[in-house]
Amino acid sequence: MSDHDDHEVREYNGIRLERIREHVWEIPREGGMNVPARVLASEALLEQIGDDKTLQQLRNATHLPGIADRAICMPDGHQGYGFPVGGVGATDVETGCISPGAIGYDINCGVRMMRTNLTYDDVVGHEEELVDALFANVPSGLGGGGIVEADRGTLEAILNRGVDWALEHGYAVEDDLAHCEDEGMRPDADPDAVSQKAKDRGKNQIGSLGSGNHFLEVQRVTDIFRPEVATEFGLEADQIVVLIHCGSRGLGHQICTDYLRRIEQEHGDLLAELPDKELAAAPAGSELAEEYYGAMCAAINFAWVNRQLIMHRTRRVFERVFDREWESMEMELLYDVAHNIGKKEVHEVGVDAEGRPAAPDDAVDRTERELYVHRKGATRAFPAGRPELPAAYRDVGQPIIIPGSMGAGSYVLRGGEESMAVSFGSTAHGAGRTMSRTQAKNEYWGETVQEELRDQEKIYVKAQSGATVAEEAPGVYKSVDEVVRVSDELGIGDKVARTFPVCNIKG
DNA sequence: ATGTGC
């Protein structure tokens, strides 16, 4: 491709980046940085990333104790609370730390895709009926309750066992568990570490989309890029699929709030050393780090049950609208991926003479270490062969689902061979916003957006609030095509298929 | 993202 020497350095808000190779930009280590940072982006995407506080937050993340190799920003990165959305940072579980802000308020926000054997022709003419039925049956918006109301014991079981609870109670089939990241259950969950306030907020939100960028979308497959992988994933052109994007609602949000406050109270010493209070972290090995990890894992399980119940309800809605059993429509889960998560994983990293993570310049060896991998607005992208992958995908690489805006459609990718070396086995998670919600509401009017999508694109959108439609207008997002192109060209997540929206319901 | 707020 084009290599221009005079384009090798960029500077945004006083932060200098050096171009390492195509789509890889490095902030060299200096001052209090423990490691360098890298941005994975095309020139066009880097321009947008340089706009706000993203690079500052990425550089701040390199100050986290025990951070390994480098902090990384994905092509869809933008500023978040303390740490970029689209950021990945891996810290040593013995000598490092865990940072709630580097995981996100919406713990296990994520996406699942369900296949069907319907084609677009089967749905044309039924869009309004379908979108109305979905909207009437899948709870969305800020209030409104969920699909099940949990008593104390039920919530405890959900937090402990995730989708395994849903299986026991008829909301899932065995096959659903086999097609979910971690089989829909994080074993390290500790419900006792979840405050009563968090539990109270979550108990009537199980099976609800929430608001903001969360949605349920019926889509059609428009493009297949790797036919042999698409076949393994059960995808083909013209097929109807369903995408569900939501997280852990008030429960995860409250856990993040609770632990940020406790870190401030109990670990002010570490906090004082960090460049931003929002990056607050609990030292590895502390009681608080263990409690937060246990609570966070419980929220992970909660979010998986949330998406499972919504999928279960969606199957029922399709049964009524198309007057067939869901099994005969082959409404099977393709995969469920988390994109706001912290997880203990083993990776090969640079280490010093004592075997502790060290910057590439100081490392005397590379060895396997157990790390807290913080993925905030980033998706796990493990390639073929990783033992964490379910049997169905172990030989082909994990499916990765990257939702675009409600006017753009989404992508299915496959975990790329380079992801372990480049990004701790991670890739992007979406298109990334280009403007604030407030700005979006000034630029767009919800009803107009809906009419244009229907009349020009045959996309049927139904929402609780017109303001939400304006905030999520297609024009407020970066190009998902460009984000995915970078992932594909870096070899961290390979393009498999593209979809286009048919019906969309949201808060 | 979020019963959108110290």
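Residue numbering restarts at 1 for every chain, and letters A, B, ... go by the order of the sequence lines.
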Within the 4.0 Å heavy-atom criterion, would you say [X] contacts the bases, only the backbone, or no part of the nucleic acid?
X	answer
A/Gly212	sugar-phosphate
A/Gln205	sugar-phosphate
A/Ser248	nothing
A/Lys376	nothing

A/Arg437 side chain near B/dT4 phosphate (N/O to OP1/OP2, under 4.0 Å):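 No, because none of the side-chain N or O atoms of A/Arg437 sits under 4.0 Å from OP1 or OP2 of B/dT4.
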Ion pair A/Glu149/A/Lys203, N-O distance below 4.0 Å: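 No salt bridge links A/Glu149 with A/Lys203.
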salt_bridge(A/Asp494, A/Arg414) N-O dist < 4.0 Å: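 Yes, this pair counts.
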Could you tell me the separation between the [atom1] atom of [X] and the [atom2] atom of [N], rounded to a whole number of Å?
X	N	atom1	atom2	result
A/Lys441	B/dT4	NZ	P	13 Å
A/Asn204	B/dT2	CG	C1'	14 Å
A/Arg261	B/dC6	CZ	P	13 Å
A/Lys277	B/dC6	NZ	C1'	10 Å
A/Asn340	B/dT2	CG	C1'	13 Å
A/Arg249	B/dT4	CZ	C1'	13 Å
A/Asn306	B/dT2	CG	P	10 Å
A/His253	B/dT4	NE2	P	9 Å

A/Gln265: partners by side-chain hydrogen bond (donor to acceptor under 3.5 Å, both in side chains), with sequence neighbours left out: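 Residues passing side-chain hydrogen bond (donor to acceptor under 3.5 Å, both in side chains) with A/Gln265: none at all.
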Ring geometry between A/His339 and A/His429 (parallel below 30°, tilted from 30 to 60°, perpendicular above 60°):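 It falls in the perpendicular class, over 60°.
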